[in-house]
Structures are given as C-alpha cells and as structure tokens.
Amino acid sequence: MAGRHRKPTETGRMVARVSALAAMAAAPLGIAGTASAAESASSAAPSVERTATWEKLAHCESTGNWDADTGNGFKGGLQFTPSTWKEFGGRQYAPSAEQATKAQQIEIAKKVQEEQGWKAWPACTEKLGWR
C-alpha cells in the first residue's frame with residue numbers, strides 16, 4: 001500500500017482529541033508555548049510602533065549610527081535616499097536624514113514602511129527574518 005495513508009484508528013483519534021483539549025486548556029494559562037510563539041511572530045512581523053524595531057534595523061543598516069553619511073548616497077540610521085527622505089516628508093524636520101533626530105527618522109520610516117513594507121530595506125529585513 002505504498003503512497004497511501006492508513007485508515008485512522010480509534011486510538012489515533014482519541015490521542016488527537018486529548019491533545020487538542022490539553023492545548024485548549026493550557027492556552028489561557030500561558031503554558032502552550034505562547035512566549036516562543038510571540039517571539040517568532042515578532043521576528044516575522046515586528047511592530048513599527050516599537051523603537052526597538054527601528055533600533056535593530058538601524059544597527060543592521062548603519063551600525064546604529066543615526067547621523068551616518070558614508071558617501072554612498074544613503075543617509076541616517078535607516079539609510080534613506082535623499083529622494084525617499086523628501087517624498088515622505090522628511091524635509092519638514094531636516095534637509096537630509098542624517099541631520100534629523102532618531103525620532104524624526106523613525107517617523108519617516110514608519111511612513112515608508114506603511115507604503116512599501118519591509119522591502120524598503122531589503123538586505124537587512126531579510127537578514128533579520130522580517131520578510
């Protein structure tokens with residue numbers, strides 16, 4: 001009977017039911033691995049509202065240097081191009097991203113992320129497992 005599934009036994013069904021009931025009973029108590037599930041969910045889809053999210057990204061993008069200007073065309077802790085900085089309203093804060101505060105750069109980054117998603121920072125968000 002290669003390539004075919006065996007017919008479920010009553011024992012197998014009972015084990016599945018008991019396992020499901022145990023998981024449902026443990027969930028409200030926080031026993032069912034919620035910490036690890038929350039951790040893996042946060043690495044897959046981090047909160048844009050958390051400063052720590054942006055600090056992790058900046059650490060990858062610019063080693064956490066919020067006033068980075070290395071001459072490669074990308075500036076600030078989150079490595080904005082001048083056109084992206086302008087398009088998303090960054091000039092209301094400073095002429096260029098590296099001249100803005102960390103909080104201001106994060107505000108613009110939230111707008112960029114909302115429109116473009118994490119792909120706006122392709123190498124680092126892939127490295128961090130966010131996409």
Side-chain angles (χ1 to χ4, degrees):
M1 294 182 56
R4 301 178 88 187
H5 296 284
R6 288 183 282 169
K7 180 179 177 184
T9 64
E10 190 56 39
T11 305
R13 288 185 190 129
M14 180 59 92
V15 169
R17 283 187 207 123
V18 170
S19 295
L21 288 172
M24 289 188 319
L29 302 174
I31 298 172
T34 55
S36 63
E39 184 177 314
S40 66
S42 68
S43 65
S47 170
V48 297
E49 297 304 320
R50 295 192 48 179
T51 301
T53 298
W54 298 108
E55 288 172 344
K56 282 182 187 178
L57 184 57
H59 182 74
C60 179
E61 289 286 339
S62 65
T63 64
N65 181 2
W66 291 92
D67 60 352
D69 180 3
T70 58
N72 65 357
F74 297 92
K75 299 181 179 188
L78 299 168
Q79 297 290 277
F80 294 97
T81 62
S83 61
T84 299
W85 184 250
K86 179 182 177 183
E87 178 183 346
F88 288 90
R91 287 199 177 161
Q92 69 179 325
Y93 300 123
S96 187
E98 82 282 6
Q99 298 169 342
T101 67
K102 172 181 166 179
Q104 292 166 338
Q105 291 180 48
I106 290 171
E107 280 305 309
I108 299 305
K110 287 177 183 179
K111 294 177 184 179
V112 173
Q113 197 280 336
E114 184 177 320
E115 186 172 306
Q116 298 179 8
W118 291 117
K119 68 180 179 164
W121 299 272
C124 285
T125 56
E126 186 171 334
K127 180 180 177 182
L128 293 167
W130 297 354
R131 55 175 196 92

Go through the steps to decide whether Val48 and Thr53 satisfy the test side chain to side chain contact (heavy atoms under 4.5 Å, CB included), and finish with yes or no. CA-CA 6 Å; Val48 297; Thr53 298; 5.7 Å; no
Supply the atom-to-atom distance His59 NE2 to Cys124 SG, rounded to the nearest 0.5 angstrom. 9.5 Å
Would you call Glu49 and Lys110 a salt bridge, taking side-chain N to carboxylate O under 4.0 Å as the test? yes
Heavy-atom check, side chain of Leu57 versus side chain of Trp130, under 4.5 Å: yes
Pro122 versus Arg131: any side-chain heavy-atom pair under 4.5 Å? yes
Looking just at side-chain N and O atoms, do Asn72 and Thr70 make a donor-acceptor pair shorter than 3.5 Å? yes
What pairs of residues pass the ring pair (Phe, Tyr, Trp, His ring centres under 6.0 Å) test when at least one of them lies in residues 70-99, not counting sequence neighbours? Phe80-Trp85
Looking at Gly77 and Ser62, what are the two nearest heavy atoms and their distance? O-OG, 2.9 Å
OG1 on Thr51 to CD1 on Ile106, rounded to 0.5 Å: 5.0 Å
Can Gln92 and Glu107 be said to form a side chain to side chain contact (heavy atoms under 4.5 Å, CB included), step by step? CA-CA 11 Å; Gln92 69 179 325; Glu107 280 305 309; over 6 Å; no
Assess, by modelled atom type and distance only, whether the side chains of Glu98 and Ser96 contain a donor and an acceptor separated by less than 3.5 Å. yes
For Trp118, is there any backbone N or O sitting under 3.5 Å from a side-chain donor or acceptor partner on Thr125? yes
Compute the ring centroids of Trp54 and Trp121, then answer whether they are less than 6.0 Å apart. yes
For Gly89 and Ile108 the tightest heavy-atom approach is C-CD1, 3.6 Å
Within the supplied structure, the quantity of interest is the number of heavy atoms (other residues, nucleotides, ligands) at a distance under 6.0 Å from Glu114 CD; does it exceed 12? no
Backbone N/O of Gly76 and side chain of Gln105: donor-acceptor pair under 3.5 Å: no
Any chance you could measure Lys102, atom NZ, to Leu78, atom CG, to the nearest 0.5 Å? 10.0 Å
Say you draw a straight line from CH2 of Trp66 to CD of Glu61; how long is it, rounded to the nearest 0.5 Å? 10.0 Å
From Gln99 CD over to Gln104 CD, what is the distance, rounded to the nearest 0.5 angstrom? 11.0 Å
